[in-house]
Amino acid sequence: YEGIDAYDIKVDISEVTKENGVYKIAYKESMSTSAGIIEFDNTAKLVKENKEYKLKWSSSMIFPELRDTDKVRVSTITASRGEILDRNGEKLAQNGYISTVGIVPGKLGENKEESISKISELTGVSVDYINKQLSASYVKDDTFVPIKKVSASNNELKDKLLEISGIKITSTASRVYPLGEETAHLIGYVQAISADELKAKEGKGYSSSSIIGKAGLEQAYEDTLRGIDGTEIYIIDENGTRLKTLAKQDKKDGTDVKLTIDSNIQKQLYYQMKSDKGFFVVMNPTTGELLATVSTPSYNSNDFVLGLSQSQWDELNNDESKPLYNRFLQSYCPGSTFKPITGAIGLTTGKITTDTTFNYSGLKWQKDSSWGNDYVTTLTAYSGAKNVANAIIHSDNIFFAQTAMQIGKETFCSELDKLGFNEDIDQTIKFPLTFKKSQYSNSEKANWSEKKLADSGYGQGDILVNPIHMAMMYSAFVNEGNMIMPYLEYKENASSQTAKYYKENAFSKEAANEVRDGLIQVVENPEGTANDMKVPGVTIAGKTGTAELKNSSTDTQSGTLGWFDCFTVNSENPYLFVGMVEKANNNGGSHYLIPMIKRAISK
C-alpha cells in the first residue's frame with residue numbers, strides 16, 4: 001500500500017458468519033491512491049488454533065485478484081510543468097535538460113584513487129561522498145553511479161571531466177532558469193518535495209518523487225504550474241503479463257504563466273546593480289503592469305535545482321551581503337522620496353495650499369527651545385519662497401517637517417492609513433508574493449513627540465515603505481490622484497481604460513497635479529536635485545532621497561540609503577521607477593541610480 005501511496009483506507013464490515021468453527025467476515029474496503037480510488041469487496045477468515053483466533057492469510061487479502069505469485073506494479077506517465085514566460089514570450093522558467101555526471105566503476109582504470117581525486121576537485125563533491133556512492137550494495141562494474149548534476153551548457157567542465165577514465169555524462173529532463181541570477185528573487189526555484197510538504201499536500205496527487213515550487217513565483221503559482229502525472233496501478237503474473245488494472249489516472253500537464261515582466265529591462269537593471277545591495281521596481285503607472293523587480297545581490301535559481309553542496313549553502317547563508325534576501329519585498333526608510341506624499345496629503349486635506357509659505361532661514365530649524373538640542377536640518381539654502389513647489393525642487397526638509405506639524409498627527413496618520421499603511425496590501429490586491437507592510441510607527445499607536453511628527457514629514461522618524469507600495473503611491477501623481485493596482489500576470493491589450501485602482505482619489509486631482517509639476521521641476525529646473533536625470537525628448541518627474549539609518553544622533557556607522565523615484569510624463573511608453581541602493585554615502589546615493597534608469601529609459 002505504501003508503494004501505491006495509499007491513504008484514507010477504510011474497512012466496513014458487512015456480514016459475519018460462522019461455519020465449522022471458521023468465522024467468515026465479509027467487508028468492503030476503499031482507499032485513495034496515487035491513481036485514484038480503489039474499492040473492492042473481500043472476505044477474511046478467522047480460524048481458532050490453541051484458543052487463539054488467527055487470520056488465514058493469502059495475497060488476496062491485499063487485493064481479491066492478487067495471487068501469491070503475482071505482483072502489483074505502478075507505472076507513471078510524467079506530466080510537464082507549466083513554464084513561466086515574460087511579456088514577450090521569453091522563457092524565465094522552462095522544461096529543459098541538465099547533465100548528470102556519473103562514474104562507471106569498472107572503467108576507472110588502474111589509477112582509481114587519482115581519478116576520483118580529480119573528479120572531486122572538478123565537481124566540488126568530496127572524495128568520501130564519491131567512494132560512499134561507489135561502494136553502495138547495488139553497484140557493479142558496469143553500473144552508472146551518478147555523482148553530480150551540472151548545467152547542460154557547462155561544456156568546459158564536461159570536457160575536462162570526460163578526459164578522466166570512467167566518467168559518463170547523461171542528459172536528464174529538469175527545470176531550467178535561462179536568466180539565472182537576473183530573475184532569481186522573482187521566479188524562485190523548484191526542488192524535491194519534503195516529507196512535511198508531502199504530508200501537508202496529502203490527497204492532492206503528490207508523491208515522494210514529486211518536484212514542487214519552493215520559492216518565488218514557482219511556489220506562488222504551484223497549483224497552476226504543476227503537472228499531475230498519470231498513474232496506473234495494475235497486477236502482473238510471474239511472467240510479467242498484465243492481468244488487471246486496479247486504478248488509472250490520466251496525466252494533466254501544468255499551465256504556463258505569462259508575466260508582465262520585460263526581461264530586457266530586468267536584465268539591464270540587474271547587471272548595472274548586481275555588485276550593490278539594492279532593488280528596482282519598474283511599473284507602467286497607467287496600467288499597473290510590473291515590468292521589472294530586481295533585488296541585488298542575487299543567487300542562481302539553477303544552483304538549487306542542480307543541488308547545492310553544504311559548503312555552497314553555507315557560503316550563501318553566511319554572505320554578509322545577503323544574496324538570498326529579497327529586497328523588493330521588504331520595507332525601508334524612504335527619506336526625501338516621501339516628501340511628495342506629505343505634500344499631497346497637506347494639499348488634499350487643505351492643511352496647506354500652493355500659496356502656503358513658512359518663515360525660516362538657514363539650514364536648521366526647531367519649533368522652540370522645548371526641543372532642546374534637536375533640530376530639523378536641510379542641505380540646501382535657496383532664495384525663493386518657502387512654498388510646496390520650491391520645497392520639492394530643493395528637497396527642503398524644514399518645509400515638510402512644518403507641513404507635517406500643520407497637518408497634525410491624527411490627520412497625518414489617518415491619511416496614511418487611507419494610502420495603505422499598516423495594511424497587508426498583497427492580500428488586498430491578491431498579489432502572488434507577500435511583501436512587507438509599510439508603517440509610520442514602531443508601536444501600535446503613534447505616540448509621537450512633535451519632533452517625531454516633524455521628522456516623519458520628510459520620510460524619517462519611524463516611516464518605512466515597501467518599494468511596490470511606493471510605486472503605487474507615486475502612480476497617483478500620474479493618474480490624477482488615483483493609486484494604481486499593480487499586477488504580474490500578463491493581460492492582452494492592457495491599457496489605462498482597463499486598469500484597476502487600489503485607491504481612487506487617494507489624493508485630490510489638484511494636489512496630485514501640483515506635486516507632479518513640482519517633481520517635473522526637480523529634473524527640469526537647473527537647481528532641481530535631479531537635474532542630471534534629464535533625457536532629451538522625454539519629460540521626467542523625479543525625486544531623490546537619502547535616508548539616514550541612525551540609532552542615535554551620534555551614530556555614524558549605520559550608513560544611508562539612496563533612493564530615486566521617477567516617472568515619465570505623457571509618454572507613449574509610460575515608466576515608473578523606484579530604486580534604492582544601500583550604503584549610499586559610499587557611492588553617491590540617488591545620483592548613482594540615475595544613470596542606470598536613464599539607460600533603461602533610452603534603451
Does the side chain of Lys491 pick up a donor-acceptor pair with the side chain of Thr498 at under 3.5 Å? no
Atom NZ of residue position Lys168 - does it have more than 12 heavy atoms of other residues, nucleotides or ligands inside 6.0 Å? no
Polar contact flag, side-chain donor to acceptor under 3.5 angstrom, Ser126-Asp128: no
Should the pair Trp563 and Phe279 be assigned to parallel (<30°), tilted (30 to 60°) or perpendicular (>60°) ring geometry? perpendicular
Side-chain heavy-atom pair Asp250, Ile77 within 4.5 angstrom cut-off: no
Contacts satisfying salt bridge (Lys or Arg N to Asp or Glu O under 4.0 Å) that involve residues 283-309 (not counting sequence neighbours) are Arg87-Glu289
Answer yes or no: are there more than 12 heavy-atom neighbours, outside Lys201 itself, under 6.0 Å from its atom NZ? yes
Tell me whether Asp253 is salt-bridged to Lys251, with the criterion being a basic N under 4.0 Å from an acidic carboxylate O. yes
So does Glu423 have more than 12 non-hydrogen atoms from other groups sitting under 6.0 Å from CD? yes
Within the supplied structure, the quantity of interest is the number of heavy atoms (other residues, nucleotides, ligands) at a distance under 6.0 Å from Lys149 NZ; does it exceed 12? no
May I ask you to say whether Glu114 pairs ionically with Lys118, meaning some side-chain N is under 4.0 Å from a carboxylate O? no
Please determine, by modelled atom types, if Gln268 and Arg599 share a side-chain donor-acceptor pair under 3.5 angstrom. no
Minimum-distance pair of heavy atoms, taken over all atoms of Tyr502 and Ile429: CD1-CG2, 3.7 Å
Among Lys436, Lys437, Met483, which residue meets the side chain to side chain contact (heavy atoms under 4.5 Å, CB included) test with His469? Met483
In terms of heavy-atom contacts, Leu259 and Tyr490 come closest through O-CB, 3.5 Å
Centroid-centroid under 6.0 Å between Phe564 and His591 rings: no
Checking Thr245 against Glu232: is there a side-chain donor and acceptor pair closer than 3.5 Å? yes
Report the distance from atom CG of Leu308 to atom CG of Asn317, rounding to the nearest 0.5 Å. 9.5 Å
Side-chain donor or acceptor of Thr255 paired with backbone N/O of Gly82 under 3.5 Å: no
Closest approach of Ile233 and Ser34, non-hydrogen atoms and distance? CD1-OG, 4.3 Å
So, does Thr76 use its side chain to make a donor-acceptor pair with the main chain of Thr78 at under 3.5 Å? no
Here's a test for you: under side chain to side chain donor-acceptor pair (under 3.5 Å), which of Gln94, Lys258, Lys91 qualifies with Glu83? Lys91
Asn284 side chain to Thr286 side chain, donor-acceptor N/O pair below 3.5 angstrom: yes
Looking at Lys112, I'd like to know if its NZ atom is crowded, meaning that more than 12 non-hydrogen atoms belonging to other residues, nucleotides or ligands lie closer than 6.0 Å. no
When you measure from the side chain of Ser174 to the backbone N and O of Tyr97, does any donor-acceptor pair fall under 3.5 Å? no
Are there more than 12 heavy atoms of other residues, nucleotides or ligands under 6.0 Å from atom OH of Tyr7? yes
From Ile193, Leu225, Leu198, residue fulfilling side chain to side chain contact (heavy atoms under 4.5 Å, CB included) relative to Ile212: Ile193
Please check if any side-chain donor atom of Tyr206 sits under 3.5 Å from a side-chain acceptor atom of Glu197, or the reverse. no
Can you tell me if Gln310 and Asp314 form a side-chain donor-acceptor pair at under 3.5 Å? yes
When you compare the side chains of Ser151 and Ser153, does any donor N or O come within less than 3.5 Å of an acceptor on the partner? yes
